[in-house]
Colleague: 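Sharing a structure, written as structure tokens. Questions coming.
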Amino acid sequence: MDSFDPGMLPRAADPALVCGDRVLDLGRPRVMGILNVTPDSFSDGGRHASVGAARDRAFAMVDEGAALIDVGAESTRPGATPVDPAEEWRRLGPVLGALRDLPVPVSVDTRHAPTMARALDAGAAMINDVAGFRDEAAIAAIAASRCGLCVMHMRGDPGTMQLQPAYSDVVDEVAGFLSGRVARLAEAGIGRDRIVVDPGFGFGKTLEHNAALMRRLDRLVAIAPVLVGLSRKGGLGAITGRDVTDRLPASIAAALMAVERGARIVRAHDVAATVDALAIWSVFHQGPFP
Ligand code: HH2
């Protein structure tokens, strides 16, 4: 079989994301590879504890086709113990130093303003804030840079978010929150070309809430390009009965449904498989055809 060059896919007039001095073309869906440098993440905690292991994993994900790498040093799984910014930086700083020559933008998954500022100084090109830049200090930390931003919705905080989450209308509430944050960021002088939004699957949401958000992802796509994170999550385990180590088919199915509904970036642990799935979707959906 002839090999397929994803670079051949159509581009013009499609959305893009400014990430520091790079521009990420979102004309076709992209994969953000997950690199957790934590002892306690729900699916890969402790696996990339040394700087060398973290660097190897990041480069391997780029080889597998990741367009961005998202580095996190605080688990935000339900019930996780919060990590203070000093400890977070102790885990993150050396890893960011070792990723300076990574050929794709490095995103840092943090909700702490001091960590955002230090990460940008250390070469991060994007900040992924699961708290959606609710903290004015977070906005101040990123305003002067040209980094990309992922604005995510989370109800409450990781410690308590899964204790009986309730909404009158989850889609209205999440869309209202995200458009409010995008408006606040615009007011602070941050261009829309730097922003993606994320419904925050599993962050203070029941399975029913997650399903409602997936069905109405078009509401969020109207606000900004959408990033989704469903990889290996508990909701997929609840549906399939599979353990966290055995959720790849479920993760791929969820990723495909999200891109079918307009998502442009998929945050994933299993990069090679997700890139293949999105390549099939892209060609069948939009060409190129001989
Ligand atoms: N999910 C997790 C962490 N960060 N960021 C965004 N934008 N969207 C998500 O859905 C999202 C996220 C949780 O997954 P993971 O990083 O694998 O686990 P942990 O928080 O336990 O480190």
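All ligand and atom numbering here is 1-based and tracks the order in the structure. Heavy atoms only: backbone and side chains are in, while hydrogens, waters and symmetry mates are out.
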Colleague: Ala212 and Val170: which non-hydrogen atoms are nearest, and at how many Å?
Modeller: CB-CG1, 3.8 Å
Colleague: Would you kindly specify which portion of Arg232 sits under 4.0 Å from ligand 1, judged on non-hydrogen atoms: side chain, backbone, both or neither?
Modeller: neither
Colleague: Test Leu230 against every option in Met214, Met257, Arg267, Arg247 by the side chain to side chain contact (heavy atoms under 4.5 Å, CB included) rule and name the one that passes.
Modeller: Met214
Colleague: Would you mind running through ligand 1 and noting each atom that sits below 4.0 Å from a heavy atom of Arg77?
Modeller: 20 (O), 21 (O)
Colleague: To check your reading of the model: name the closest protein heavy atom to atom 4 (N) of ligand 1, its residue, and the distance in Å.
Modeller: Asp109 OD2, 2.8 Å
Colleague: Looking only at distances, please establish whether an N/O atom of ligand 1 is found under 3.5 Å from an N/O atom of Asp198.
Modeller: yes
Colleague: If you measure only the distance, is there a donor-acceptor pair under 3.5 Å linking the side chains of Thr38 and Asn36?
Modeller: no
Colleague: Where does Thr76 meet ligand 1, judged by heavy-atom distances below 4.0 Å: at the side chain, the backbone, both, or neither?
Modeller: both
Colleague: Name the one of Asp246, Asp44, Asp270 that satisfies salt bridge (Lys or Arg N to Asp or Glu O under 4.0 Å) with Arg232?
Modeller: Asp270
Colleague: Give the intermediate values and the outcome of salt bridge (charged side-chain N to carboxylate O under 4.0 Å, His left out) for residues Arg264 and Asp25.
Modeller: CA-CA 10 Å; Arg264 294 276 100 185; Asp25 168 19; over 6 Å; no
Colleague: Look only at interatomic distance and state if Glu74 has a nitrogen or oxygen under 3.5 Å from any nitrogen or oxygen of ligand 1.
Modeller: no
Colleague: Heavy atoms only: give me the nearest Arg77-Pro158 pair and the separation to one decimal.
Modeller: O-CB, 3.9 Å
Colleague: Name every donor-acceptor pair, under 3.5 Å, that has one atom in a side chain of residues 60-68 and the other anywhere in the protein, sequence neighbours excluded.
Modeller:
{"residue": "Glu64", "atom": "OE1", "partner": "Ala272", "partner atom": "N", "Å": "3.1"}

Colleague: Would you mind listing which atoms of ligand 1 come within a distance below 4.0 Å of any non-hydrogen atom of Gly229?
Modeller: 10 (O)
Colleague: Using only atom types and a distance under 3.5 Å, with no angle test, would you say the side chain of Lys205 pairs donor to acceptor with the backbone of Phe203?
Modeller: yes
Colleague: Can you pull out the closest protein heavy atom to atom 21 (O) of ligand 1? Residue, atom name and distance to 0.1 Å, please.
Modeller: Ser75 OG, 2.7 Å
Colleague: Please report whether ligand 1 has a polar contact with Thr38, defined as an N or O pair separated by less than 3.5 Å (distance criterion only).
Modeller: no
Colleague: Is there a polar contact, in the sense of an N or O pair closer than 3.5 Å, between Phe42 and ligand 1?
Modeller: yes
Colleague: What part of Met152, side chain from CB on, backbone N/CA/C/O, both or neither, has a heavy atom under 4.0 Å from ligand 1?
Modeller: side chain
Colleague: Which bit of Cys150 gets closer than 4.0 Å to ligand 1, counting heavy atoms only: side chain, backbone, both or neither?
Modeller: side chain
Colleague: Sorted by first residue and then second, give each salt bridge (charged side-chain N to carboxylate O under 4.0 Å, His left out) pair with at least one member in residues 149-165; sequence neighbours left out.
Modeller: none
Colleague: Is it the case that ligand 1 has an N or O less than 3.5 angstrom from some N or O of Arg267?
Modeller: yes
Colleague: Quick one: which ligand 1 atoms are inside 4.0 Å of a heavy atom on Ser41?
Modeller: 19 (P), 21 (O), 22 (O)
Colleague: What atoms of ligand 1 come closer than 4.0 angstrom to any heavy atom of Asn128?
Modeller: 5 (N), 6 (C), 7 (N)
Colleague: Looking only at distance, does His269 have an N or O less than 3.5 Å from an N or O of ligand 1?
Modeller: yes
Colleague: Counting each atom of ligand 1 from 1 as listed, which ones have a heavy atom of Val130 under 4.0 Å away?
Modeller: 4 (N), 5 (N), 12 (C)
Colleague: What residue and atom, counting heavy atoms only, is the protein's closest point to atom 10 (O) of ligand 1, and at what distance?
Modeller: Lys233 NZ, 2.7 Å
Colleague: Determine whether the side chain, the backbone, both or neither of Asp70 has a heavy atom under 4.0 Å from any heavy atom of ligand 1.
Modeller: neither
Colleague: Pick one: which of Val182, Val174, Leu149 meets side chain to side chain contact (heavy atoms under 4.5 Å, CB included) with Val197?
Modeller: Val182
Colleague: Carefully, step by step, assess Val23 and Leu17 under the rule side chain to side chain contact (heavy atoms under 4.5 Å, CB included).
Modeller: CA-CA 6 Å; Val23 179; Leu17 176 68; over 6 Å; no
Colleague: Give me the ring orientation class for Tyr167 and His153: parallel if the planes are under 30° apart, tilted from 30 to 60°, perpendicular past 60°.
Modeller: tilted
